[in-house]
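Notes to accompany the following structure.
So that the names make sense, note that chain A is the first sequence line, chain B the second, and so on, each numbered from 1. Basis for what follows: all heavy atoms, side chains included, without hydrogens, waters or symmetry-related copies. Keep in mind that what you see is a predicted model, and the values were worked out from it rather than measured.
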Amino acid sequence: MTPVSLQALQAALGGELAGDVDRTVDRISPLASAGPQSISFVTHPRYRAQLEASTAACVIVSPAMVAMVPAGVVAWVVPDPYLHFARLTQWWARQVRPGATLGVHATAVVADDVVLGEQVSIGPMVVIEPGSVIGDGAVIGAQCCLGRGTRIGAATRLAPRVTLMDDVHIGQRCLIHSGAVLGADGFGFAPQDGRWIKIEQLGGVRVGDDVEIGANTCIDRGALEHTVIGEGVKLDNQIQIGHNVHIGAHSAMAGCVGVAGSTRIGSGCTVGGAGMILGHLEIADGVHISAASVVMRSITRPGQYTGIFPIDENGSWEKNAASLRQLHVLRDRIRALEKKTQP
Amino acid sequence: MTPVSLQALQAALGGELAGDVDRTVDRISPLASAGPQSISFVTHPRYRAQLEASTAACVIVSPAMVAMVPAGVVAWVVPDPYLHFARLTQWWARQVRPGATLGVHATAVVADDVVLGEQVSIGPMVVIEPGSVIGDGAVIGAQCCLGRGTRIGAATRLAPRVTLMDDVHIGQRCLIHSGAVLGADGFGFAPQDGRWIKIEQLGGVRVGDDVEIGANTCIDRGALEHTVIGEGVKLDNQIQIGHNVHIGAHSAMAGCVGVAGSTRIGSGCTVGGAGMILGHLEIADGVHISAASVVMRSITRPGQYTGIFPIDENGSWEKNAASLRQLHVLRDRIRALEKKTQP
Amino acid sequence: MTPVSLQALQAALGGELAGDVDRTVDRISPLASAGPQSISFVTHPRYRAQLEASTAACVIVSPAMVAMVPAGVVAWVVPDPYLHFARLTQWWARQVRPGATLGVHATAVVADDVVLGEQVSIGPMVVIEPGSVIGDGAVIGAQCCLGRGTRIGAATRLAPRVTLMDDVHIGQRCLIHSGAVLGADGFGFAPQDGRWIKIEQLGGVRVGDDVEIGANTCIDRGALEHTVIGEGVKLDNQIQIGHNVHIGAHSAMAGCVGVAGSTRIGSGCTVGGAGMILGHLEIADGVHISAASVVMRSITRPGQYTGIFPIDENGSWEKNAASLRQLHVLRDRIRALEKKTQP
């Protein structure tokens, strides 16, 4: 990036600068590797030693930590340094990233009745089926495929190679990454004489505003009603959301999570990577599931929930796993001992 | 959907109607949200209260539950309501979904020697490599890529953006969802001096009739022989099937399952979401693996198998996990106590 | 494959033939199914009975096992039969697979300033954005999408439908399978009043030489610095690599593995299928994580580490899982018993 003065950054983003405001930076760096061209940030006093040794041009800090900033480093003092860092990355991205090319690429195949908003960008090899509506300022990346009756809200961006099947509606200001598939059939079959008879999936997918959906994540269409992703939800990569799931506003899920069909997750929840939530459950608002933990029952109270087999050296694990398979017998033996030793 | 009379539905799908057969419906709804325009279904007496309070136009019920249908609701009496519901969704889908556009889209790149059956539909941006054969009535969705020597059976449908690599054969009446990749290389390497030397994967993939494969699911090609998916198998999204796996007829797997290389799974098996089956195992017919459970040894007897760490409040989990790492020591201490308290 | 004489194979690949060197083979087969047209291999004396009963034309064996080869079978004696088998598959693949079509397909959309090396192959429907450089002999499969400023090393092959976002660099002789997404945004947000504020991901992805990346695998771009995949790394399908992860040279990961952000994995490590490694950890060189095991802390010593709940018949599991939730209470009861029985 072209060097930018700290003063220009402050003018754009606010906060107080303590030090040489004419100094310029050309990169944002983690504190550990920040040099004289870098702006960095620090969020916690445990990084005090790193901060005191820093040769960064400027460090974003809270008022509580400003005294730890060494003499040669400009302090950019803000109430919430991590949030300020996030805003800085957004400003930075706007400077360094070229805008999308407006208009419809010559190779795109867009049905005649598709309604295109103002200032949209439809990339090469895109396919948009009839009855779809693309909002103002939306960006549809190369090779995306949008089925019949899709809706893309204003300022929503689809990275290249996103697939939306029929009747998938996306809100405004969303970001969907490559390889995501929204609206594939939910997994529903009725058994008949040892065979599986398909239940056609007649519902759609409804995604709220300000949602981000990661690469290769799948959100299935509903069986009869819709699968619903609330506003502000953030889903990482490789996630599987089953049919008729509802995810409440501002919940977030890390990579490789699975949510089985018809489960309803509250708002403000988080699920760590590879967490699994079985089907037909209710998860209250403010529930936090640790990574790789499996939710088998509904959870009615907010809190942190965990279920991970602790990793160990293989030899120790083998001994403990063998004992675990006898655990209920051990419990009975303890009970017997307690009985025996009673006076 | 245009309103349809119950009589018309019965004429198409059978069963007995008890009540006003001229009544019309325009949607299929879950019992809990079914209103006067809805047809719904009920499968179990535990929904009795919901059924008795229903204002649905019509409810599909078994003979055993017909007496619970309230006066204002038409009962559609059939031996297996869930199966009947499945058939109803299929009939419904045929009414509401437009058929695929027949012929080869102008933008598709189809090799000269590809054999196309009658009434096929080849969507925009499709690529089909030489030596492939597309059966009658097959639908190849937009942006699919079919490698050399692929075979697509009659009436099989590929959703948009499916990838079949060379020498992948798909049976008849299959359905493959977007993002699925069949025939990528299996994961095979020989170690040499700390490096990995690739074992080229020379086998193909063979998929039987009536198979459904979910979005972003991968089925690797065999190393020397084929990876084989039996007829009627149903695979959900985000599944990984390793090279040379065999899956028996009518087995079903929920999302995020992994099956490592060379494992053979019997027929009529099920694997819950995120279940993992290690490589080179044999799983008998009729084995049911619970969600998130890991199969480390062959299973010779049908039944339900489970291995999930029970989730708990984080504090409780921490205490139990710490004890678990000492479990074999606890076992030894119990043994010592038993010795001590022996007369 | 056209029949090939054993002599021709030996001329290409070395080793010693004992028996009729004019014999021809037309397939490579596993020992169990090898017939008179097959060449096969055996790596361990535990397959002795299978070897002694074999009717293969030729079997690759070590000097230690040559005496077990039956009279009618030609022995191909080499120091490391599995490695030799790998080399044989590579030779075989070169005979049976057609080379990529050189040049740029008429339907590809390649930006004017893209630098194309000698002898490249750019498939149908490919999109390559400005500022990219494609090395000599590289193969870009159908429908791939390469963002701005990508670099593809010489002799690297992308299967159809691979996505590289902006600023992703791939080394030489790599192989990337279909559906892989490199350079999607890492998962980074700052919380603000119950909402998530995006941290724009400004780093790239750097992939070394001789790396293989499986189908539908995702490698996120770095937040500020790059995500780095070392030379010779092998990643299977459906893997998720978070932002700023570093993977050391010649490490290998089986399918469905997840590595959360900022974790550094040493060289020569392996991770079994569905293993999960949490974020901000350090894993030493030579660490081997078993399948489906969850790494929650840094690992400083090489070795094999495991954490899998042992699968069991469902009824037994239920009893043991219930006891497990009381394990710390059981531990306390043992302690109490020990106190009581002390003299």
Side-chain angles (χ1 to χ4, degrees), chain B residues 107 109 125 127 143 145 147-148 161 163 165 179 181 184-185 187 189-192 194-200 202 216 218 220 224-225 238 240 242 256 258 260 276 278 289-290 293-296 303-310 312 316 319-320 322-324 326-327 330 333-334 337 340-341, chain C residues 27-30 33 80 82-83 85-87 89-90 92-93 96 98 105 107 123-125 142-143 159-161 175 177-179 212 214-216 232 234 236-238 250 252 254-256 268 273-274 291-292 308-314 317-318 321 324-325 327-328 330-331 334 337-338 341:
Chain B
T107 59
V109 174
M125 316 291 177
V127 175
Q143 302 166 335
C145 183
R148 285 165 179 271
R161 213 166 55 73
T163 304
M165 302 298 290
V181 178
D185 281 353
F187 198 63
F189 302 90
Q192 184 190 29
R195 294 167 168 268
W196 300 103
I197 307 304
K198 184 171 178 71
I199 297 166
E200 292 288 345
L202 302 166
N216 282 351
C218 298
D220 279 345
L224 296 174
E225 301 180 318
Q238 306 272 28
Q240 157 64 8
C256 307
M276 290 288 150
L278 303 196
I289 306 299
S290 299
S293 299
V294 182
V295 181
M296 289 178 284
Q304 179 87 31
Y305 296 84
T306 309
I308 304 174
F309 197 107
D312 211 338
S316 300
K319 284 190 285 184
N320 289 321
S323 301
L324 180 52
Q326 300 301 323
L327 186 55
L330 291 183
R333 284 161 64 184
I334 293 171
L337 280 164
K340 208 172 197 174
T341 58
Chain C
R27 69 199 67 174
I28 316 175
S29 306
S33 59
D80 182 341
Y82 195 56
L83 178 62
F85 159 65
R87 298 291 188 199
T89 63
Q90 294 182 2
W92 205 273
V96 298
H105 194 275
T107 59
M125 316 292 176
Q143 302 166 335
R161 212 164 57 74
L175 174 57
H177 291 283
S178 297
E212 184 162 341
N216 283 349
K234 310 297 179 187
D236 197 359
N237 299 351
Q238 305 271 29
H250 308 297
C256 308
I308 306 175
F309 198 107
I311 198 168
D312 211 337
E313 290 178 21
N314 190 65
W317 169 78
E318 278 186 352
L324 180 52
R325 293 188 63 167
L327 187 56
H328 63 286
L330 291 182
R331 189 195 53 198
I334 293 170
L337 280 164
E338 286 168 338
T341 58

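Contacts of B/I289 with chain C are made by side-chain atoms alone, with heavy-atom separations under 4.5 Å and no backbone atom involved. Of the atoms belonging to C/R161, it is side-chain heavy atoms, and not backbone ones, that fall under 4.5 Å from chain B. Contacts of B/I197 with chain C are made by both backbone and side-chain atoms, with heavy-atom separations under 4.5 Å. Heavy atoms closer than 4.5 Å to chain C are found in both the backbone and the side chain of B/M125. If you measure heavy-atom distances from C/Q143 to chain B, the contacts under 4.5 Å come from the side chain alone. The parts of B/D185 that come within reach of chain C are both its backbone and its side chain, each placing non-hydrogen atoms under 4.5 angstrom from that chain. The part of C/Q238 that comes within reach of chain B is its side chain, from C-beta onward, which places non-hydrogen atoms under 4.5 angstrom from that chain. With a 4.5 Å cut-off on non-hydrogen atoms, C/E212 touches chain B through its side chain but not through its backbone. C/A215 touches chain B through backbone and side chain together, each having a heavy atom under 4.5 Å away. When heavy atoms are compared at a cutoff of 4.5 Å, B/T163 approaches chain C by way of both its backbone and its side chain. For C/L83, the parts sitting under 4.5 Å from any heavy atom of chain B are the backbone and the side chain alike. Only the backbone of C/S29 has a heavy atom closer than 4.5 Å to any heavy atom of chain B.
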- request: Quick one: do C/L330 and B/L330 satisfy side-chain contact (heavy atoms from CB on, under 4.5 Å)? Show the steps, please.
  value: CA-CA 9 Å; C/L330 291 182; B/L330 291 183; 5.8 Å; no
message: Run the side-chain contact (heavy atoms from CB on, under 4.5 Å) test on C/N314 and B/T306 for me, step by step, so that the C-alpha distance in whole Å, both residues' side-chain angles and the decisive distance to 0.1 Å come before the verdict.
response: CA-CA 5 Å; C/N314 190 65; B/T306 309; 2.4 Å; yes
message: Go through it in stages, so that I can follow the logic: the residues are C/W317 and C/I311, the test is side-chain contact (heavy atoms from CB on, under 4.5 Å), and I'd like the CA-CA distance, side-chain angles, deciding distance and then a yes or no.
response: CA-CA 7 Å; C/W317 169 78; C/I311 198 168; over 6 Å; no
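The minimum heavy-atom distance between B/P310 and C/L324, with the atom names listed, is CD-CD2, 3.7 Å. Taking every heavy atom of both residues into account, B/P191 and C/Y82 meet most closely at CD-CD2, 4.3 Å.
No donor-acceptor distance shorter than 3.5 angstrom exists from the side chain of C/N216 to the backbone of C/N237, with no hydrogens or angles considered. Side-chain atoms of C/S178 come within 3.5 Å of backbone N or O of C/P160 as a donor-acceptor pair.
Interatomic distance, C/I334 CD1 to B/I334 CD1, rounded to the nearest 0.5 Å: 4.0 Å. The CD atom of B/Q192 sits 7.5 Å away from the CG atom of C/D80 when rounded to the nearest 0.5 Å.
Here B/E200 is the residue among B/Q304, B/R148, B/E200 with the most heavy-atom pairs under 4.5 Å with chain C. Most heavy-atom pairs under 4.5 Å with chain B: of the set C/H177, C/Q90, C/R325, this distinction falls to C/R325.
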